[in-house]
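Quick notes on the structure that follows.
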There are 2 protein chains.
Amino acid sequence: MKPVDTKTHILNAAEELFALRGPHGTSLRQVIVRARVNLAAVHYHFGSKESVLEAVLARRLVPLNAERLALIEAHERARGGRAVPLELILESLVAPALRLSRDPRKGGGTFMRLLGRCFTEPDPAIQAMLTRQFSGVADHFTPAFRRALPGLPAVELFWRLHFLVGAMGHTMADAERLRTFSGGLCNPDDTEGTIARLVSFLTAGLRAKVPEVK
Amino acid sequence: MKPVDTKTHILNAAEELFALRGPHGTSLRQVIVRARVNLAAVHYHFGSKESVLEAVLARRLVPLNAERLALIEAHERARGGRAVPLELILESLVAPALRLSRDPRKGGGTFMRLLGRCFTEPDPAIQAMLTRQFSGVADHFTPAFRRALPGLPAVELFWRLHFLVGAMGHTMADAERLRTFSGGLCNPDDTEGTIARLVSFLTAGLRAKVPEVK
DNA sequence: GTCTATAGAACGATAGAC
DNA sequence: GTCTATCGTTCTATAGAC
């Protein structure tokens, strides 16, 4: 049972506050109050506010994206050279993220809120962090989608993957909004139900008839 | 030909900078430099930074949401009491926003980037602004979707509308990312193509088979 | 590694002359 | 309506004692 050290305290506090008020809307001083550490400790351990954000992201995204790749690679091995069915690709992509987004020990919805927010953050430094973190997943999943949808032109596939990222991101970043909007009818805590619904929606969308207008 | 006044100069500069670096990441001082006005002028015309943001949002959203409502009401009138087909509902919702997001005289992608960003902004004041602006559209379109998809349980509809908002928002807020991601294959400037693709994707997603798992 | 103290700059907002 | 000047606050970052 290892004790929670200063560094982890800072990461936890920063994750929470960055998600709650945004990286720009949060000062290091707010972070150190919540983390119960000294301001200088942040600069000692991370060097700068930007590096704190990068560490917060990497702590969750490195294992998350590794899990995604492990899942799809297992499916690929199980099927030899043949294409992995669309539903399984989507599930490999969606399920680990959604389970993480509902695991209170791992930041729960807090982290996903921050992640969704970073995606709309135009700050070039933040964009570069995201590209770094997601390049492996993008490189592996894009060809998998292409193999699962052999009739779909590459242009259309890219558009649909863009729609997919939006739907997925918004679902994870803003689950609680749905509870309010549906008047309590929808329960975002039902992780497996959410995965099934999202996979079914995305499968149908990706398989839609290609529109005529060009 | 009326001259561009101080108030409009401030709105234009704020729109651009808020979209570029976020409302929190932008200072009023940066705004007044770009608008070539005095700092006190901002407080004279708007009272506070928050009110500037509200005015920036309202300037585009009031006519946009009015256009959406006008379109769907025209469809409803044309069909008497019968349900408006799903594709036409989606087009009424998507097309005005997407055309706005590509109209350089009206902020172009700049404004949509800001809007997408505000959606992930947890600041309660900003959330309240969005709720105010979108309540009319939500109240009118939700029953329309229900009528167009009579077999779909309400819970499932709410989930799918949530996915829809994500796909739509991300498409408008971050169109340029797709150009990079697709290696230049996709052209987000093709507004009508984007509308057709988004409507086709969403139609299929909304009509997907309801998943078994509950 | 952890602290206090502080430098140095930027912030939102306002007072009051014109 | 528009300006200058400035108040009071907060920020990131660092220097240097322990």
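By convention in this document, chain letters (A, B, ...) are assigned in the order of the sequence lines, proteins followed by strands, and residues within each chain are numbered from 1. If you're wondering where the values come from, they're calculated on a predicted model, not measured in any experiment.
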Between CG of A:Leu39 and P of C:dA5 the distance, given in whole Å, is 14 Å
How many Å lie between CG on A:Asp5 and C1' on C:dG1, as a whole number?
-> 12 Å
State whether A:Tyr44 places a side-chain N or O below 4.0 Å from either non-bridging phosphate oxygen (OP1 or OP2) of C:dG1.
-> yes
Counting heavy atoms from C-beta on, name the nucleotide in C:dT4, C:dC11, C:dA15 closest to the side chain of A:Ala40.
-> C:dT4
Ring centroid separation for B:Phe119 and B:Phe134, is it under 6.0 angstrom?
-> yes
Whole-Å distance between D:dA5 P and B:Arg29 CZ?
-> 13 Å
How would you label the contact of B:Ala41 with the nucleic acid (heavy atoms, under 4.0 Å): base, sugar-phosphate, or nothing?
-> nothing
Which nucleotide sits closest to the side chain of A:His45: C:dT2, C:dG12, D:dA13?
-> C:dT2
Decide if the gap between the ring center of A:Phe163 and the ring center of B:Phe163 is smaller than 6.0 angstrom.
-> no
Flag the pair B:His162 / A:His170 as yes when their ring centroid distance falls below 6.0 Å, and as no otherwise.
-> yes
Phosphate contact (D:dT14 OP1 or OP2) by A:His43 side-chain N/O below 4.0 Å = no
Rounded to whole angstroms, how far apart are CG on A:Asn38 and C1' on C:dT2?
-> 7 Å
Quick one: does A:Arg160's side chain have a donor or acceptor within less than 3.5 Å of a partner on A:Leu206's backbone?
-> yes
When you check the phosphate oxygens OP1 and OP2 of C:dG1, does a side-chain N or O of A:Thr6 lie under 4.0 Å from one of them?
-> no
Taking CD1 from A:Ile32 and C1' from C:dT2, how many angstroms apart are they, rounded to a whole number?
-> 13 Å
Any Lys/Arg nitrogen of A:Arg102 or A:Asp190 sitting under 4.0 Å from an Asp/Glu carboxylate oxygen of the other?
-> no
Rounded distance (Å) that lies between atom P of D:dT14 and atom NZ of A:Lys49 = 15 Å
Atom CD of A:Gln30 to atom C1' of D:dT9: distance rounded to whole Å?
-> 13 Å
Please report how far the helix from C:dG1-D:dC18 to C:dC18-D:dG1 bends, comparing the axis fitted to its first five pairs with the axis fitted to its last five, to the nearest 10 degrees.
-> 0°
Using a strict 4.0 Å threshold on nitrogen-to-oxygen distance, state whether B:Arg117 and A:Glu121 make a salt bridge.
-> yes
B:Leu28 has an atom CG; how far is it from atom P of C:dC11, in whole Å?
-> 9 Å
Considering only NZ, NE, NH1 and NH2 on the basic side and carboxylate oxygens on the acidic side, decide whether B:Arg147 and B:Glu76 come within less than 4.0 Å.
-> yes
Does A:Ser27 make a side-chain N or O approach to OP1 or OP2 of D:dC11 shorter than 4.0 Å?
-> yes
